[in-house]
Amino acid sequence: MKKSIPAVKGTREFYPEEMALRNFIYEKVRAASQMFGYQEWDAPFIETIDLYAAKSGEELVKKQSFTFEDRGGDFVTLRPELTPSLARMIAAKQGELNFPVRWWSFGPFWRYEQPQRGRTREFFQWNIDMLGVNSPEADAELIAVGATFLRSVRLNPERAVIYVNNRRLMDSEFDALGILPEKRLDISNLVDRRTKMEPAKWDAYALELGLDQRQLDGLKDILANFDLWKKSEELVRLFAALEALGVKEYVKFDPNIMRGLLYYTGTVFESFDTSGSVKRAIFGGGRYDNLLADVGGQPLSGVGFAMGDVVAGIILQESGLVPEFVPTPASVLVTVFDESMWMKSFELASELRSAGLNTMVFPEPAKLQKQFKFADKMKIKIALTIGPDEAANGQVAVKSLTTGEQVIVKREAVADEIRRLLR
RNA sequence: GAGCCUGUAGCUCAACGGCAGAGCGCUACACUGUGGCUGUAGAUGUUGAGGGUUCGAAACCCUUCAGGCUCCCCA
């Protein structure tokens with residue numbers, strides 16, 4: 001073998017079996033999105049670097065995106081996220097769009113990161129957003145879309161949970177502790193890290209950030225208070241809506257969910273695999289109020305979330321929820337008895353295709369044993385044979401590879417016989 | 001960007017510094033008009049790549065690539 005050129009680090013090759021999983025996820029994503037009336041859309045896969053430099057930190061853009069100079073000397077970036085493109089496209093047609101806008105998308109993204117479990121450099125991501133409505137009920141709808149997806153892939157609430165929190169609630173709690181607004185970013189970072197650090201080290205880190213002991217104790221009380229949501233009118237309304245939407249069993253309040261503070265301003269939520277097999281979120285999102293600020297549009301509030309295909313795929317596989325792989329879309333194989341019968345097989349296959357049946361012809365005359373073995377391995381359910389005897393009588397041998405039974409039928413009746421067997 | 005672990009047949013993995021192997025899969029035949037099951041026989045390797053130490057390296061050392069687990073990050 002010649003020396004092989006490896007695939008780019010962090011990319012995945014989609015052999016038919018992996019492609020089937022990707023398509024399975026895509027189909028469920030589409031079904032959940034459309035069930036709530038969302039429209040499919042997409043943005044360019046490459047954008048100018050400026051689009052991201054405006055909003056995201058420069059470090060992020062420089063170190064964690066695929067950016068390169070094109071032949072004209074411009075710097076372009078393989079999109080690491082969809083939100084800036086969404087903001088631009090909404091702003092460009094803000095005057096003519098019919099609000100609320102409900103849009104969803106599923107496509108490729110790239111991030112130049114260290115690949116590890118649940119994270120690759122090239123991945124597919126479901127994005128779904130509602131723009132132009134600012135209410136807890138709208139937030140609930142997005143959470144319900146996510147829950148509907150989980151339910152549709154049969155990830156039950158014991159296996160996957162959506163944790164919810166609210167930024168405004170946390171801000172007011174922080175305020176009550178006398179934590180200054182400019183410290184909020186640090187504190188939310190601190191909260192995010194809590195599960196990753198040893199308690200003593202976490203305490204020390206908190207004090208290092210400038211909290212005093214009273215504030216630290218207060219913060220711990222907040223993070224342990226799972227009834228805190230009752231103090232937030234938004235969350236009370238949110239949970240009432242979730243109940244009415246029939247997804248309450250998937251959703252839990254958790255004051256530890258922060259999701260950074262980059263642009264979320266209200267409700268935030270994250271879905272996790274409860275088995276702990278993958279520590280990364282299945283999906284996450286929330287409400288953002290300042291989406292269009294940086295791209296020159298009128299103020300517009302939105303709520304949305306994103307789900308990568310990598311974590312979702314791992315969890316589905318581990319849970320045994322991926323449908324059995326079907327190697328070929330053909331339900332029928334027409335064998336080629338010998339060279340003299342070859343064209344007869346082609347003609348038969350053509351008739352069956354016209355009748356709406358996915359039909360494959362063995363590519364050459366070969367031992368029937370070999371042809372049937374092939375059909376078996378491809379899990380094709382029905383094999384047809386036209387030999388000299390059948391040809392002489394205008395018949396076809398129809399064999400079910402499921403039951404092993406074979407019947408000889410008239411050529412005109414073949415399609416109906418196949419349909420009967422496939423039922 | 002940093003640390004640790006791993007890399008051997010198509011797959012899963014063995015092999016004390018001393019002849020590179022097993023199971024599964026694959027191919028052929030038994031079975032020249034029919035798959036699965038069974039039996040018999042057979043094929044397959046630059047041990048990720050490159051360099052070094054050694055009489056001798058899959059093994060030890062260095063470099064590099066890829067994967068995994070952490071840190072960082074997670075838009």
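For the numbers below, each heavy atom of this structure counts, side chains included, while hydrogens, waters and symmetry mates do not. Chain naming here is simple, since letters A, B, ... match the order of the sequence lines and numbering starts at 1 in each.
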5′-ward residue of the pair Trp110(A)/Gln369(A) relative to RNA chain B: Gln369(A)
Sole candidate of Leu228(A), Thr265(A), Leu235(A) that passes side chain to side chain contact (heavy atoms under 4.5 Å, CB included) when paired with Asn166(A): Leu235(A)
Validation row: Trp103(A), Met130(A) side chains within 4.5 angstrom (heavy atoms): no
Selection from U34(B), C26(B), A75(B) that lies nearest to any side-chain heavy atom of Lys377(A): C26(B)
Spacing of Leu155(A) atom CG and Ile282(A) atom CD1 [to the nearest 0.5 Å]: 6.0 Å
Pi-cation contact, Phe124(A) with Arg22(A) (under 6.0 Å, within 45°): yes
Is a donor-acceptor pair below 3.5 Å formed from side chain [X] to base [N], judging by atom type as modelled?
X: Arg111(A); N: C73(B); answer: no
X: Lys367(A); N: U32(B); answer: no
X: Gln114(A); N: G68(B); answer: no

Does the structure show a Watson-Crick or G-U wobble partner for [N], both distances under 3.5 Å? Name it, or say none.
N: C4(B); answer: G68(B)
N: C26(B); answer: G42(B)
N: G21(B); answer: C13(B)

